[in-house]
Student: 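Mind looking over this structure? Questions follow.
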Protein chains: 2
Amino acid sequence: MARRSDHSREQLQQMAISAAIAILNEHGVAGLSARKVAKSIGYTVGTLYLVFKNLDELLLYVNAATLDDLQRAIMQEANVHTDPAQILKTMALAYLRYAQQHSARWSLLFSHRLPANQPIPAWFEQKITSVFDGVKMPLQQLHPELNESALLQATRELWSGVHGACDLGLSDKLNLGGRFKLEELIESFVENYLFGFAKSKGIA
Amino acid sequence: MARRSDHSREQLQQMAISAAIAILNEHGVAGLSARKVAKSIGYTVGTLYLVFKNLDELLLYVNAATLDDLQRAIMQEANVHTDPAQILKTMALAYLRYAQQHSARWSLLFSHRLPANQPIPAWFEQKITSVFDGVKMPLQQLHPELNESALLQATRELWSGVHGACDLGLSDKLNLGGRFKLEELIESFVENYLFGFAKSKGIA
DNA sequence: TAATATTCTGAACACTGTTTAATTTGAATA
DNA sequence: TATTCAAATTAAACAGTGTTCAGAATATTA
């Protein structure tokens, strides 16, 4: 295993991922390039392609790290309250705050598409499921009688709304006209959905 | 007003916009470039920059056209039913179908960001508001007692969910695991939200 | 030390958005 | 009609992009 520098492939990968995240935070998605990442870790572009199949693969790992981060940010605020509905509202606001404070990473996470016909790896899908599971828990606490299937669907419905509001809101496509704050809209949405979900299932 | 060809600036703009849309439909967002658009209308790149400030401006007009198209697609299906709730469900499914059938244009509409600090033009915001107004109408029919402000917010809440479900669903980030169809999830979401909205307002 | 395998670079390729000097062109003027 | 002049258009250039790969540099093995 001859190597010029003293960085293993794994180290090199991790260095590149960290460098990419730093560039994203400082210069946004448009400011990111393979050469800049390479330069930032003291290597040439070619080396990057020795460790990643292509730039899309690097971005996939960056997004995976963002997903971990995002989950941490959401779950951190989850234990502040005991009321499940209150927990879900707090998680939704944490989701929004993360998107606001890490706009470039958040934007990349949802705008990046793998080349056509290349499916999302199973380990990445698992990370997504894991985030949803964090949302599912308080929802289950709220409705213990629901089966796994109904719970899974309700989680997706609820979080689609939270995500959609963040996506449209942060790209100025909600046209609230300054009359409402995005935080209020999201809180109100969660309340309304939870209320309707309970009622339509004949609960509460 | 000497001109070499017989295309006015306005004609040139419209030709470029149409060409860009055609390229998007055929080769996706990644297949679009200034040179390809120029070549497609029989001109050189430089001419494009005589008519548009930059590529972002061209894409803005493309997105405006998509917004018009999208609204038409939604409103077209709106008059099939008389029940407002049914209308809203049909509109949501039309939104999904448009996103599926015009994935590149839909994707560009929501992923394209103008350069930093450059605000969305008022005429473009008006188009967004106009789409929301189409959703607002059946919602008002459903709840005539609501004031303009509450109606506006409910419209945004409802459509955030529809949009979020389409966005996540079509990029394989909902992880439904093949257990549910996206159409069913969206229909169920609209039902649940409408139910909860009515109940939380002390109506119905 | 010599042979071999791995790491890494530098240069190239085809592309991108954008700018601008030079040219072509049509129309107005003399 | 010939000349002038301004607008339309191009071609070429610039700096950047993702990606590849022959060859140089380095470490391990014999």
Side-chain angles (χ1 to χ4, degrees), chain A residues 1-17 19-20 23-24 26-63 104 107-108 111-118, chain B residues 1-17 19-20 23-24 26-63 104 107-108 111-118:
Chain A
M1 301 289 181
R3 67 175 47 96
R4 189 145 145 188
S5 178
D6 29 22
H7 295 122
S8 71
R9 277 208 166 81
E10 288 73 23
Q11 281 177 310
L12 237 50
Q13 285 194 35
Q14 206 47 61
M15 288 163 65
I17 293 167
I23 293 173
L24 278 174
E26 274 198 64
H27 305 101
V29 180
L32 186 70
S33 79
R35 281 179 180 82
K36 284 179 189 163
V37 170
K39 185 168 195 174
S40 161
I41 64 172
Y43 283 83
T44 317
V45 228
T47 305
L48 228 53
Y49 285 81
L50 219 87
V51 160
F52 297 104
K53 201 171 121 275
N54 48 36
L55 194 69
D56 280 318
E57 195 183 62
L58 168 55
L59 296 186
L60 187 74
Y61 287 115
V62 168
N63 283 341
S107 182
L108 182 70
S111 71
H112 181 246
R113 310 271 128 112
L114 289 176
N117 299 349
Q118 192 175 329
Chain B
M1 301 287 182
R3 65 176 46 97
R4 186 142 145 194
S5 178
D6 28 23
H7 295 123
S8 71
R9 278 207 167 84
E10 288 72 24
Q11 280 178 313
L12 237 50
Q13 285 195 32
Q14 205 48 59
M15 287 163 67
I17 293 168
I23 293 172
L24 278 173
E26 273 198 64
H27 305 100
V29 180
L32 186 70
S33 79
R35 280 179 180 80
K36 284 179 190 162
V37 171
K39 186 168 194 172
S40 161
I41 63 172
Y43 283 84
T44 318
V45 228
T47 304
L48 229 53
Y49 284 82
L50 218 87
V51 160
F52 297 105
K53 200 170 121 275
N54 48 35
L55 194 69
D56 281 317
E57 195 183 63
L58 167 55
L59 296 186
L60 187 74
Y61 286 115
V62 168
N63 283 341
S107 183
L108 182 70
S111 71
H112 180 248
R113 309 270 129 114
L114 289 176
N117 298 349
Q118 192 175 329

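In the text below, chain A, chain B and the rest are named by the order of the sequence lines, each starting its count at 1.
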Student: Looking only at heavy atoms, which two atoms of Leu24(A) and Leu108(A) are closest? And how far apart?
Tutor: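 So the two residues come closest at CD1-CD2, 3.8 Å.
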
Student: Between atom CD in Gln11(A) and atom P in dC8(C), what is the gap in whole Å?
Tutor: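 Between P of dC8(C) and CD of Gln11(A): 11 Å.
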
Student: For nucleotides 17-19 of chain C, tabulate all protein N/O to nucleotide N/O atom pairs closer than 3.5 Å, reporting atom names and distance.
Tutor:
unit_1  : atom_1 : unit_2   : atom_2 : d
dG17(C) : OP1    : Ala34(B) : N      : 3.2
dG17(C) : OP2    : Ala34(B) : N      : 3.0
dG17(C) : N7     : Arg35(B) : NH1    : 2.7
dG17(C) : O6     : Arg35(B) : NH2    : 2.8
dT18(C) : OP2    : Tyr49(B) : OH     : 2.5
dT18(C) : OP2    : Leu55(B) : N      : 2.8
dT18(C) : O5'    : Tyr49(B) : OH     : 3.3
dT18(C) : O4     : Arg35(B) : NH2    : 3.0

Student: May I have the distance from Leu48(A) (atom CG) to dC21(D) (atom P), rounded to whole angstrom?
Tutor: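 In whole Å, dC21(D) P and Leu48(A) CG are 17 Å from each other.
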
Student: Looking only at heavy atoms, what is the nearest atom pair of Ser40(A) and Ala19(A), with distance?
Tutor: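 It is OG-CB, 3.4 Å.
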
Student: Please evaluate residues Leu55(B) and Leu32(B) with respect to the criterion side chain to side chain contact (heavy atoms under 4.5 Å, CB included), reporting the C-alpha separation (whole Å), side-chain torsions for both, the decisive distance (0.1 Å), and the verdict.
Tutor: CA-CA 10 Å; Leu55(B) 194 69; Leu32(B) 186 70; 5.9 Å; no

Student: Which pair of heavy atoms, one from Arg113(A) and one from Asp56(A), lies closest together, and at what distance?
Tutor: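 Smallest interatomic distance, heavy atoms only, reads O-OD1, 4.3 Å.
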
Student: Starting at OH of Tyr43(B) and ending at P of dA11(D), how long is that distance when rounded to a whole Å?
Tutor: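 Distance check: Tyr43(B) OH to dA11(D) P gives 13 Å.
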
Student: Closest approach of Gln11(A) and His7(A), non-hydrogen atoms and distance?
Tutor: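 Taking Gln11(A) first and His7(A) second, the nearest heavy atoms are OE1-CA, 3.2 Å.
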
Student: At 10 degrees resolution, what angle do the end axes of the helix from dT1(C)-dA30(D) to dA30(C)-dT1(D) form when each is taken over five base pairs?
Tutor: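 Axis angle across the helix from dT1(C)-dA30(D) to dA30(C)-dT1(D), nearest 10°: 30°.
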
Student: Do the side-chain N or O atoms of Arg9(B) get closer than 4.0 angstrom to the phosphate oxygens (OP1, OP2) of dA7(D)?
Tutor: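 So the side-chain polar atoms of Arg9(B) never come under 4.0 Å of the phosphate oxygens OP1 or OP2 of dA7(D).
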
Student: Using atom CG of Leu58(A) as one end and atom P of dT17(D) as the other, report the distance to the nearest whole Å.
Tutor: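 Value for this atom pair: 14 Å.
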
Student: Select from Gly31(A) and Thr47(A) the residue whose nearest nucleotide in DNA chain D is closer to the 5' end of that strand.
Tutor: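 Checking each residue's closest nucleotide, the 5'-ward one belongs to Gly31(A).
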
Student: Using whole Å, report how far NZ of Lys39(A) lies from C1' of dG18(D).
Tutor: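 The answer, rounded to whole Å, is 17 Å.
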
Student: Would you kindly give the NE2-to-C1' distance between His27(A) and dG16(D), to the nearest whole Å?
Tutor: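 Checked: the NE2 to C1' distance equals 15 Å.
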
Student: Can any side-chain N or O of Gln118(A) pair as donor or acceptor with the backbone N or O of Leu114(A) at less than 3.5 Å?
Tutor: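 Checking the backbone N and O of Leu114(A) against the side chain of Gln118(A), no donor-acceptor pair under 3.5 Å is found.
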
Student: Sequence neighbours excluded, which residues qualify as side-chain hydrogen bond (donor to acceptor under 3.5 Å, both in side chains) partners of Asn54(B)?
Tutor: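 Partners of Asn54(B) under the side-chain hydrogen bond (donor to acceptor under 3.5 Å, both in side chains) test: none.
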
Student: Whole angstroms only, please: what is the CG-C1' distance between Leu50(B) and dA6(D)?
Tutor: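 Nearest whole value for this atom pair: 13 Å.
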
Student: Separation of His7(A) atom NE2 from dA27(D) atom P, in whole Å?
Tutor: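 His7(A) atom NE2 is separated from dA27(D) atom P by 14 Å.
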
Student: For the residue pair Val62(B) and Ala20(B), what are the closest heavy atoms and their distance?
Tutor: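 Closest pair (atom of Val62(B), atom of Ala20(B), distance): CG2-CB, 3.8 Å.
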
Student: Minimum heavy-atom separation for Ile41(A) to Met15(A), with atom names?
Tutor: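 Heavy-atom minimum between the residues: CG2-O, 3.5 Å.
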
